[in-house]
Amino acid sequence: MLNKLSLLVLAMVLSLNIMAQDAKDKITLVIHGGAGTILKKNMTPEKEKAYREKLTEALETGYKILEDGGTSLEAVVATINVMENSPLFNAGKGAVFANNGKNELDASIMDGKTLNAGAVAGVTVIKNPINAALEVMNNSEHVLLTREGAEEFAKKQNLEIVDPSYFYTERRKQSLEKAKANEENRGQIPYSDLLNNKHGTVGCVALDQFGNLAAGTSTGGMTNKKFARVGDSPIIGAGTYANNKTCAVSSTGHGEFFMRNLVAYDVSAMMEYKGMSLEDASNKVIMDKLTELGGTGGIICVDHEGNVSMPFNTAGMYRGYIKADGSKKVLIYKDEE
Ligand code: ASP
């Protein structure tokens, strides 16, 4: 009797171990640093090197957290912090300027296990907006806080507050001036032109060894945006979505189109309701549906099995991943593999 019982316990321990190993074999981290008219001919070797190095640093930071047994949420926040703190990207320091000459930042995060989510929009003094999004998710009864209210909340959570001048970069200021001059000369400036100077929204999706998915996105939005415009990045279902049943997604591109198409949720819905693979669902949403509507941009996705997909319909998208099998990629242009 005792022998049978101990055999049973042993079998259970062994299968739990196998399951844990199986989950560990799937840990995955994927990032983007914005999509747009990113062409090799417009890139200097130094600039390209700087981007590749920063993307690698972001990937390695997040992946180490997953390897050490951290959660996908922890990995997403730490990875995005690396890119928010770099002036290379349109998020945190280096964010684009709104028409009023301010940097108005948006961010969101979602937990695929609980379907909890948090977001902030139009914030101007929070050093790392993704941390504020996490606090909204964990420590408020709301999902999305905006402007002064979000800032007041972030202060109460003891997040790092900076002077708005912290976000200033000469490059982005010049982009605003150029956009304003163009607008005066020929009316509304086409978004494709703006994408030339403004790409750099950042995002991260991850699968941890507990089998939990998470997604996060952080941005300065669009150069010359007006009237407290908010894009897709802080909108759950458009810029960010995660669900353990299906996948985690972070978007970048022309926000208005991503909002109208509910891009991030659409990938998950196609998987859930139509039984599509991550690859098929993500390609359908970007290459067919978004493109047909005239929207430009891309997404990064990971599913609960650790499959990765990164479709985009622009000339380039800063992107990369690390998987448990050791494969690691940092890519910029369209035809890079
Ligand atoms: N999606 C962002 C927005 O529209 C911008 C971007 O990803 O380039 O605010």
Side-chain angles (χ1 to χ4, degrees), residues 30-38 51 55 80 83-84 86 88-92 94-100 102-109 119-124 129-130 133 144 146-147 167 171-172 175-176 179 188-205 215-241 249-267 285-286 290 293-301 310-319 332:
V30 195
I31 59 170
H32 71 73
T37 319
I38 311 166
Y51 274 104
L55 290 166
I80 290 183
M83 295 187 281
E84 283 180 334
S86 161
L88 290 174
F89 303 98
N90 173 19
V96 299
F97 284 84
N99 177 269
N100 60 8
K102 293 186 179 168
N103 304 103
E104 299 179 347
L105 313 173
D106 304 332
S108 65
I109 192 157
V120 293
V123 296
T124 58
I130 195 70
L144 172 60
T146 66
R147 302 172 80 83
F167 299 106
R171 171 167 86 113
R172 301 295 194 189
S175 296
L176 173 65
Q188 194 65 35
I189 179 169
Y191 187 77
S192 52
D193 285 11
L194 284 178
L195 274 176
N196 277 322
N197 329 315
K198 62 143 292 297
H199 44 71
T201 290
V202 307
C204 176
V205 295
T217 310
S218 182
T219 189
M222 271 169 67
T223 301
N224 202 24
K225 62 185 179 182
K226 302 184 183 89
F227 312 117
R229 177 263 190 192
V230 174
D232 61 314
S233 307
I235 306 299
I236 299 302
T240 299
Y241 192 74
V249 182
S250 169
S251 311
T252 177
H254 192 169
E256 280 67 12
F257 288 84
F258 281 72
M259 291 159 93
R260 290 161 60 204
N261 271 9
L262 274 177
V263 163
Y265 176 70
D266 204 15
V267 178
V285 169
I286 296 300
L290 183 76
L293 205 68
T296 47
I299 48 177
I300 51 163
C301 326
M310 310 186 287
F312 56 97
N313 65 5
T314 46
M317 179 165 88
Y318 297 107
R319 63 202 186 279
I332 300 177

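Just so you know, ligand 1 is whichever comes first in the structure, and atom 1 is the first atom listed for that ligand. Numbering of residues begins at 1 and proceeds along the displayed sequence.
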*asked:* Would Arg229 and Phe227 count as a cation-pi pair here, with the cationic atom under 6.0 angstrom from the ring centre and within 45° of the axis?
replied: no
*Can you name the side chain to side chain contact (heavy atoms under 4.5 Å, CB included) partners of Asn261, sequence neighbours left out?*
Val263, Lys289, Leu290, Leu293
*So, is Gly200 polar-close to ligand 1, with some N/O to N/O distance under 3.5 Å?*
no
*Please identify which atoms of ligand 1 are closer than 4.0 Å to at least one heavy atom of Gly221.*
5 (C), 9 (O)
*Does Ala35 approach ligand 1 within less than 4.0 angstrom via side chain, backbone, both or neither, non-hydrogen atoms only?*
neither
*Go through the side-chain N and O atoms of Ser233 and Thr217 and say whether any donor and acceptor fall under 3.5 Å apart.*
no
*For ligand 1, is any non-hydrogen atom under 4.0 Å from Arg229's backbone (N, CA, C, O), its side chain (CB onward), both, or neither?*
side chain
*Are any of the N/O atoms in Gly253 less than 3.5 Å from those in ligand 1?*
yes
*Using a 4.0 Å heavy-atom cut-off, say whether Thr252 meets ligand 1 through its side chain, its backbone, both or neither.*
both
_Set of side chain to side chain contact (heavy atoms under 4.5 Å, CB included) partners for Ala121, sequence neighbours left out_ = Asp106, Leu144, Thr146, Val230, Pro234
*Passes side-chain contact (heavy atoms from CB on, under 4.5 Å), Leu55 versus Phe89? Steps please.*
CA-CA 10 Å; Leu55 290 166; Phe89 303 98; 3.9 Å; yes
*Under 4.0 Å to a heavy atom of Thr201 - the qualifying atoms of ligand 1, by number*: 2 (C), 5 (C), 6 (C), 7 (O), 8 (O)
*Which of the numbered atoms in ligand 1 are below 4.0 angstrom from a heavy atom of Ser233?*
1 (N), 2 (C)
*Using distance alone, with no hydrogens and no angle criterion, decide if Thr314 and Thr296 have a side-chain donor and acceptor under 3.5 Å apart.*
no
*Intermediate values then yes/no, side-chain contact (heavy atoms from CB on, under 4.5 Å), Thr252 and Tyr318*: CA-CA 10 Å; Thr252 177; Tyr318 297 107; over 6 Å; no
*asked:* Is there a polar contact between ligand 1 and His254, counting only N or O atoms under 3.5 Å apart?
replied: no
